[in-house]
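Everything below concerns the one structure shown next.
Quantities reported herein were computed from a predicted structural model and do not represent experimental measurements.
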Amino acid sequence: MELLQDSFGRIHDYIRISVTDRCNLRCVYCMPAEGMEFAPHDEIMSYEEIAQVLKVLAPMGMRKVRLTGGEPLVRKDLHKLVSMISAIDGIDDIALTTNALLLDKQAQALKDAGLNRINISLDSLRADRFSMITRGGDVNKVLKGIEAATAAGLAPIKLNVVLMKGINDDEIKDFIAMTMDQPLHVRFIEYMPIGQASDSWRKSYLPLEAVTDVCAEAGWTVENTTGPAGNGPSRNMKIAGSEGTFGLIHPVSDHFCDNCNRLRLTADGHIKACLYWSDEYNVRRFVDDPDAMAALFLKALGTKPKNHEMALALEQKMQSHTPTVRRMSQIGG
C-alpha cells in the first residue's frame with residue numbers, strides 16, 4: 001500500500017489517538033472552567049473502530065501509537081484497547097499521555113496489555129499551585145501514579161511541564177532536580193495558542209531559554225544527550241552524573257514542522273494532519289471500507305501545510321490558514 005507521505009515528502013509513522021474529550025481536570029491552558037460541551041457517547045469512536053483504523057494504517061507504514069484525551073484513563077477498560085492495538089502487525093510502540101490521577105490503579109494492567117511508555121502531565125510540584133492550574137487536582141495522586149508506573153516497568157517515564165511565565169517558572173530548578181537520582185525525563189513545553197478565543201495566552205508565554213538560564217545560575221554542568229526512546233521533538237540535556245534527562249520543546253519559537261511525522265485522530269473520528277490548523281476529515285463513515293479510509297488519510301496528508309505558523313500568532317501577524325477553534329482536550333494532547 002502507499003506510504004503515508006505528504007506533499008513535502010514527510011513520512012508519517014506516528015499517530016496520536018484521542019479516546020475521549022472528557023477530563024477529570026480543567027487545566028487553565030486546556031479547558032475553560034465551565035461551559036465546556038462534550039461529545040455525546042455515541043459520537044465517540046469505539047475501541048473496535050480505533051483498531052480498524054490502525055489495521056488500515058499499519059500496512060501504510062504506521063508504527064507508533066499514542067493514546068491521549070481529554071484524560072484517556074477516564075475511558076473504561078483502556079487496557080483492552082491497548083491489548084487490541086498490540087495485536088496489530090506492524091505497530092511496535094504504544095504510548096500514553098495522562099494526568100496520572102487514575103494511574104496508580106491501572107499502570108500494571110496497561111503494561112501487561114502492551115503499553116510501552118508513558119508521558120505524565122505535571123505543571124507544578126506544589127499542592128496549592130497544582131490545584132490552581134488544574135482547577136482542583138491533587139498533586140499527590142499524580143506522584144503516586146508516577147510511582148506505580150515505575151513499579152510496573154513502564155519506561156521511559158516523561159513528565160510534561162507546560163512552562164508559564166509568572167505561574168510555574170520558579171519551579172524549573174525543582175523539576176530538573178527530580179532527574180538527578182531518578183530515571184525521569186522532564187520535558188518543558190512552550191505554551192501554545194491552541195483553540196484560544198483571545199490573545200491572553202501571550203501574557204503567560206515564556207521562551208524556554210529560561211530553563212538553561214536557571215541551570216547556569218545553579219552552577220550545574222549541562223550535557224547534551226540523545227534522550228530516551230520516543231523520537232520526540234525535544235532538545236535533550238542532562239545534568240552531569242544524573243540518572244534522568246530534561247528537554248525543551250519549542251512548538252512556537254522554533255517549530256519542528258520540517259521533521260513532522262505525526263497524524264492525529266480525534267475522539268469523534270476526525271483526522272487532523274496538523275494540530276494547529278482547522279482542517280479535519282471524518283473517518284468514521286469509512287470504518288468498514290479500508291480502501292476509502294486509506295484514501296482519506298492520504299487526502300488529509302495532501303492538504304497538510306508546510307508548518308503551523310504559531311510564531312506568527314505570537315507576533316500578531318497574518319497567517320496563511322485558519323487556526324483550529326477546538327480546545328486541546330477536543331483534539332488530543
Side-chain angles (χ1 to χ4, degrees), residues 1-19 45 47-69 72 78-98 110-120 149 152-158 160 185 187 226-234 236 247 249 251 256-267 269-275 281 283 286-287 290-302 304 331-333:
M1 294 185 71
E2 188 174 349
L3 289 177
L4 294 160
Q5 179 172 312
D6 68 11
S7 58
F8 300 96
R10 296 173 294 198
I11 300 294
H12 292 65
D13 63 357
Y14 172 27
I15 188 166
R16 302 174 72 101
I17 299 175
S18 176
V19 299
M45 294 192 77
Y47 289 168
E48 290 75 16
E49 287 175 320
I50 292 171
Q52 188 61 32
V53 169
L54 290 173
K55 287 176 183 177
V56 171
L57 295 182
M60 302 176 75
M62 188 61 64
R63 295 290 175 264
K64 305 170 188 176
V65 177
R66 177 172 293 278
L67 301 177
T68 72
L78 187 65
H79 67 280
K80 293 182 179 180
L81 175 61
V82 173
S83 182
M84 293 166 70
I85 295 172
S86 67
I88 298 173
D89 288 341
I91 303 297
D92 55 26
D93 184 52
I94 308 174
L96 174 73
T97 294
T98 173
L110 290 164
K111 173 64 175 176
D112 293 344
L115 188 70
N116 302 113
R117 53 197 178 87
I118 196 162
N119 284 27
I120 295 173
L154 291 166
I157 298 174
K158 299 179 183 178
N160 293 341
H185 307 277
R187 296 292 174 266
T226 55
N231 294 325
S234 175
N236 299 308
I249 299 179
F256 33 85
C257 300
D258 288 347
N259 299 314
C260 185
N261 67 337
R262 66 190 61 187
L263 288 162
R264 280 180 165 81
L265 185 64
T266 65
H270 287 81
I271 304 166
K272 287 188 71 69
C274 179
L275 166 67
Y281 301 84
V283 76
F286 297 128
V287 75
D291 291 339
M293 185 190 300
L296 188 64
F297 271 94
L298 292 172
K299 179 180 178 180
L301 280 171
K304 183 170 184 171
I331 298 171

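Rounding to the nearest 0.5 Å gives a distance of 5.5 Å between CZ of Arg262 and CZ of Arg16. The distance from the CG atom of Leu54 to the CD1 atom of Ile88 is 5.0 Å, given to the nearest 0.5 Å. In this structure, the separation between CG on Asn116 and CG on Leu154 is 8.5 Å, given to the nearest 0.5 Å. Between the CE atom of Met62 and the CZ atom of Phe297 there is a distance of 7.0 Å, given to the nearest 0.5 Å. Note that the CG atom of Leu301 and the CG atom of Asp6 stand 6.0 Å from one another [nearest 0.5 Å]. Atom OH of Tyr14 and atom CG of Asn261 lie 8.0 Å apart (nearest 0.5 Å).
The nearest pair of heavy atoms linking Pro290 to Gln52 is CG-NE2, 4.4 Å. The minimum heavy-atom distance between Ala300 and Ala273, with the atom names listed, is O-CB, 3.6 Å. Looking at every heavy atom in both residues, Ile118 comes nearest to Ala149 through CG2-CB, 4.3 Å. Contact record, Ile271 with Leu265: N-CD1, 4.1 Å, taken as the closest heavy-atom pair.
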Query raised in the report: Passes side chain to side chain contact (heavy atoms under 4.5 Å, CB included), Val82 versus Leu67? Steps please.
Result: CA-CA 9 Å; Val82 173; Leu67 301 177; 3.9 Å; yes
Report task. Run the numbers on Ile11 and Leu4 for side chain to side chain contact (heavy atoms under 4.5 Å, CB included), then give the verdict. Result -> CA-CA 6 Å; Ile11 300 294; Leu4 294 160; 5.8 Å; no
Query - Glu48 vs Met84, side chain to side chain contact (heavy atoms under 4.5 Å, CB included): CA-CA, chis, key distance, verdict - result: CA-CA 8 Å; Glu48 290 75 16; Met84 293 166 70; 4.2 Å; yes
Query raised in the report: What's the verdict on side chain to side chain contact (heavy atoms under 4.5 Å, CB included) for Leu298 and Met60, showing C-alpha distance, side-chain angles and the deciding distance?
Result: CA-CA 10 Å; Leu298 292 172; Met60 302 176 75; 3.8 Å; yes
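The side-chain heavy atoms of Lys158 and Pro228, taken from C-beta on, include a pair separated by under 4.5 Å. Side-chain contact between Ile15 and Lys64: absent, with no pair of heavy atoms (C-beta onward) separated by less than 4.5 Å. At a threshold of 4.5 Å between non-hydrogen side-chain atoms, the residues Val56 and Asp291 do not count as touching. Taking the side chain as every heavy atom from C-beta outward, Val53 and Met293 approach each other to under 4.5 Å.
Side chain of Arg63 to backbone of Ala58: a donor-acceptor contact under 3.5 angstrom is found. Under a 3.5 Å cut-off, the side chain of Arg66 and the backbone N or O of Leu96 do form a donor-acceptor pair. In terms of modelled atom types and a separation under 3.5 Å, the side chain of Ser86 and the main chain of Ala113 share a donor-acceptor contact. Although no hydrogens or angles enter the test, the distance criterion places no donor-acceptor pair under 3.5 Å between the side chain of Asn160 and the main chain of Ile120.
A salt bridge links Asp93 with Arg117: at least one charged nitrogen is closer than 4.0 Å to a carboxylate oxygen.
The closest side-chain donor-acceptor pair between Asn236 and Arg187 falls under 3.5 angstrom.
Open room surrounds NZ on Lys55; 12 or fewer heavy atoms of other groups in view lie less than 6.0 Å from it.
Residues forming a side chain to side chain donor-acceptor pair (under 3.5 Å) with Lys304 (at least two apart in sequence, or on another chain): His12.
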